[in-house]
Number of protein chains: 2
Amino acid sequence: MSTTFTPLPEASTADLVADRLRDAILDGTLRPGDRLVETDLAERFAVSRGPVREAIRLLAPEGLVILRRNRGAIVASPTFDDVLEVYAARLSLGTLALTHAVETRSGESSRFAEAVDLLTTMRDDSVQADPQAMLEADLAFQDAVLGLSGLPRISTMLEQSARDAASFVSLLGITYDSTDHVALIERHERLLNSIAAGDADATVAAWQQHISATVSEFARAYGADAHIHDHPLAHHVLGTNQETP
Amino acid sequence: MSTTFTPLPEASTADLVADRLRDAILDGTLRPGDRLVETDLAERFAVSRGPVREAIRLLAPEGLVILRRNRGAIVASPTFDDVLEVYAARLSLGTLALTHAVETRSGESSRFAEAVDLLTTMRDDSVQADPQAMLEADLAFQDAVLGLSGLPRISTMLEQSARDAASFVSLLGITYDSTDHVALIERHERLLNSIAAGDADATVAAWQQHISATVSEFARAYGADAHIHDHPLAHHVLGTNQETP
DNA sequence: AAATTGCAGATTGTTGACAATCTAGCCTCC
DNA sequence: GGAGGCTAGATTGTCAACAATCTGCAATTT
């Protein structure tokens with residue numbers, strides 16, 4: 001395998017602790033409003049408070065926890081407005097990234113094959129049976145596709161927004177298995193095909209439709225379906241591609 | 001004054017150290033590639049390594065320093081591609097924010113007056129004589145205007161990109177006083193007026209023109225003027241509003 | 001002489017202890 | 001009876017010492 005002599009992961013203790021905490025927040029072990037007490041966590045992970053403290057401060061800019069001076073950190077409680085904002089940003093930056101990807105013909109790169117592989121993963125029955133795995137595969141696919149742009153800073157922003165999205169799924173108590181997997185995979189296929197075809201307009205349209213469908217899903221699960229259209233941002237993220245019944 | 005009973009600043013030691021370091025990087029005291037040695041800095045600021053370490057890690061996600069595991073931190077060295085990427089994101093998200101601001105009639109809010117004040121600051125001769133002060137006033141104005149959207153997350157992203165822009169100015173060795181202050185202030189006035197008038201199209205156009213002019217300025221200072229149009233992103237950030245001679 | 005190995009100094013990573021701050025409950029005093 | 005002050009416990013903020021790692025140079029080998 002070509003992965004044998006790949007650069008070492010080299011995660012610091014703080015990184016490892018941050019990973020554990022992130023997982024705990026994203027799988028619902030830690031719930032919004034829960035306190036993160038440095039002493040407790042240090043004892044549980046069998047490390048000192050230093051790395052734990054660093055890990056918590058690593059999660060703060062990711063939006064997963066809120067720091068309050070001299071009062072410790074709590075798990076964030078995002079609102080539906082946050083969802084709309086993040087997806088509005090995601091729509092906007094994603095359109096930029098995908099347009100750039102198509103224009104530079106990134107559809108021919110080896111990284112394109114990676115995205116195809118990740119989509120195959122999502123088709124796997126055992127993955128579909130596990131909401132957590134499905135969520136991870138979905139976001140990995142989106143990161144891969146958007147990463148085709150070859151724009152490191154914008155890709156980083158988009159990966160950040162993907163993490164935000166992941167946190168919303170669990171923090172807002174949305175179960176991923178309620179999603180229509182077939183429709184999701186179909187949207188992803190459409191995205192890949194239009195990139196491969198070098199059709200910028202179709203790619204952007206596919207992306208807009210994906211965002212729109214995802215936000216609709218959120219709105220339904222969140223129970224805000226009725227008055228979502230009142231929100232000024234809603235018309236941006238839902239666009240004109242709504243799957244009207 | 002309404003600012004008298006505003007929440008206290010409450011900056012931790014780490015925050016204060018981070019502020020000093022940020023200033024040092026932005027005013028050129030620390031140059032790209034310079035090492036940030038925890039021991040040295042701790043001694044200079046007369047604190048222990050803990051807060052210094054935390055401060056350095058605070059600057060990393062801001063893009064000002066690069067962390068290398070077990071090898072300390074160095075001041076970042078952004079490339080011209082970074083400039084284009086950041087401004088492409090800024091164009092994209094700013095358009096979103098401003099559209100939203102106009103649609104929700106934020107032009108009538110008290111925060112609008114704040115932006116007007118900041119523009120007045122920029123007209124001050126003593127400010128214009130100080131490149132550092134001028135840069136700060138410019139970015140404060142832009143943050144204020146974009147903050148009119150009332151979208152906290154997107155505003156945060158835009159403030160981040162403004163800090164990126166500020167770091168480019170100094171890290172790339174661009175002197176802010178070479179800018180045509182009159183043209184800059186005029187662009188800002190156009191932006192404010194179109195927001196006040198509630199004209200979304202004019203606002204977006206003014207923003208695009210501002211980004212385009214700024215990037216052109218960067219390109220000129222950076223000496224990449226000749227082949228900038230070859231870059232696939234350039235056509236996005238420069239748009240069709242170029243001030244052609 | 002070129003390449004490799006081993007060492008010494010410098011620097012980061014981690015730890016446990018101490019100081020400062022906050023929270024909540026009780027008490028006092030009007 | 002309620003407002004304000006006080007105290008105890010818990011928790012975060014800071015520090016200095018120790019351990020692990022890296023860098024550059026010199027010694028060694030071929």
Side-chain angles (χ1 to χ4, degrees), chain A residues 5-25 29-77, chain B residues 5-25 29-77:
Chain A
F5 284 96
T6 216
L8 296 177
E10 289 290 346
S12 68
T13 307
D15 288 334
L16 295 174
V17 172
D19 287 344
R20 297 278 192 104
L21 288 176
R22 211 188 334 263
D23 289 346
I25 293 174
T29 306
L30 288 171
R31 318 218 44 186
D34 281 359
R35 297 180 56 194
L36 297 178
V37 178
E38 295 178 2
T39 317
D40 290 357
L41 297 172
E43 199 170 349
R44 288 206 216 180
F45 291 128
V47 295
S48 75
R49 274 181 54 217
V52 171
R53 186 182 171 85
E54 192 170 323
I56 291 174
R57 278 167 174 63
L58 231 35
L59 297 179
E62 292 181 21
L64 287 175
V65 306
I66 307 289
L67 291 178
R68 302 166 304 169
R69 174 164 163 82
N70 288 331
R71 272 183 280 172
I74 57 173
V75 178
S77 308
Chain B
F5 284 96
T6 216
L8 296 178
E10 288 289 349
S12 68
T13 308
D15 288 333
L16 296 174
V17 172
D19 288 344
R20 297 279 192 101
L21 289 177
R22 209 188 333 264
D23 289 346
I25 293 174
T29 306
L30 288 171
R31 318 216 43 184
D34 280 0
R35 298 181 54 194
L36 297 177
V37 178
E38 295 178 0
T39 317
D40 290 357
L41 297 172
E43 198 170 349
R44 290 206 214 177
F45 292 128
V47 295
S48 77
R49 275 181 54 215
V52 171
R53 185 181 171 85
E54 192 170 324
I56 291 174
R57 286 181 168 51
L58 232 36
L59 298 179
E62 292 181 21
L64 287 175
V65 306
I66 306 288
L67 291 178
R68 302 166 304 168
R69 173 163 165 81
N70 287 331
R71 274 184 277 173
I74 58 172
V75 178
S77 310

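Chain A is the first sequence line, chain B the second, and so forth, proteins listed ahead of strands; every chain is numbered from 1. If you're wondering where the values come from, they're calculated on a predicted model, not measured in any experiment.
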Counting any heavy atom closer than 4.0 Å, what does A:Arg68 reach on the DNA or RNA strands: base, sugar-phosphate only, or nothing?
-> nothing
Of the candidates D:dT14, D:dG13, C:dT14, the side chain of B:Pro51 sits closest to D:dT14
Interatomic distance where CD belongs to A:Glu43 and C1' belongs to C:dT15 [whole Å] | 15 Å
Give a yes or no on whether a salt bridge exists between B:Asp23 and B:Arg20, defined as a side-chain N under 4.0 angstrom from a carboxylate O.
-> no
Mind checking the CZ-CD spacing from A:Arg57 to B:Glu54? Nearest 0.5 Å is all I need.
-> 4.0 Å
In whole Å, what is the span from the CD atom of B:Glu54 to the P atom of C:dT12?
-> 16 Å
Exactly one candidate in A:Leu21, A:Ile25, A:Asp34, A:Leu58 meets side chain to side chain contact (heavy atoms under 4.5 Å, CB included) with A:Val65; the answer is A:Ile25
Separation of atom CZ in B:Arg69 from atom C1' in D:dC22, rounded to whole Å | 11 Å
Rounded off to whole Å, could you give me the CG-to-C1' distance for the A:Leu67 and D:dT12 pair?
-> 11 Å
Decide yes or no on side-chain contact (heavy atoms from CB on, under 4.5 Å) for B:Leu41 and B:Ile56, but give the supporting numbers first.
-> CA-CA 10 Å; B:Leu41 297 172; B:Ile56 291 174; 4.3 Å; yes
Find the distance B:Arg57:CZ to D:dG13:C1' and express it as a whole number of Å.
-> 17 Å
Send over the distance from B:Arg71 CZ to D:dC22 P, rounded to a whole Å.
-> 7 Å
Main-chain N/O of A:Ser12 paired to A:Asp15 side chain as donor or acceptor, under 3.5 Å | yes
Whole-Å distance separating the CZ atom of A:Phe45 from the P atom of C:dT14 = 14 Å
For A:Gly50, answer base if it contacts any base atom (sugar-phosphate contacts may also be present), sugar-phosphate if it contacts only those atoms, and nothing otherwise; contact means non-hydrogen atoms under 4.0 Å.
-> base
Of all the nucleotides listed (C:dG13, C:dT15, C:dC22), which has the minimum atom distance to the side chain of A:Val47?
-> C:dT15
Roughly, in whole Å, what's the span from CD in B:Glu38 to C1' in C:dT15?
-> 15 Å
Check every strand shown and say whether B:Leu36 touches a base, only sugar-phosphate, or nothing at a heavy-atom separation below 4.0 Å.
-> sugar-phosphate
Please determine, for the side chain of B:Arg35, which listed nucleotide (D:dT12, D:dC15, C:dT11) has the closest atom?
-> C:dT11
Using only heavy-atom distances, decide whether a donor-acceptor pair under 3.5 angstrom links the side-chain of A:Arg49 to the base of D:dG13.
-> yes
Nucleotide nearest B:Arg53 (side chain, heavy atoms from C-beta), chosen from C:dT12, D:dT14, C:dT23 = C:dT12
From the candidates D:dC15, D:dT11, C:dT14, the one with an atom nearest any side-chain atom of A:Val37 is D:dT11
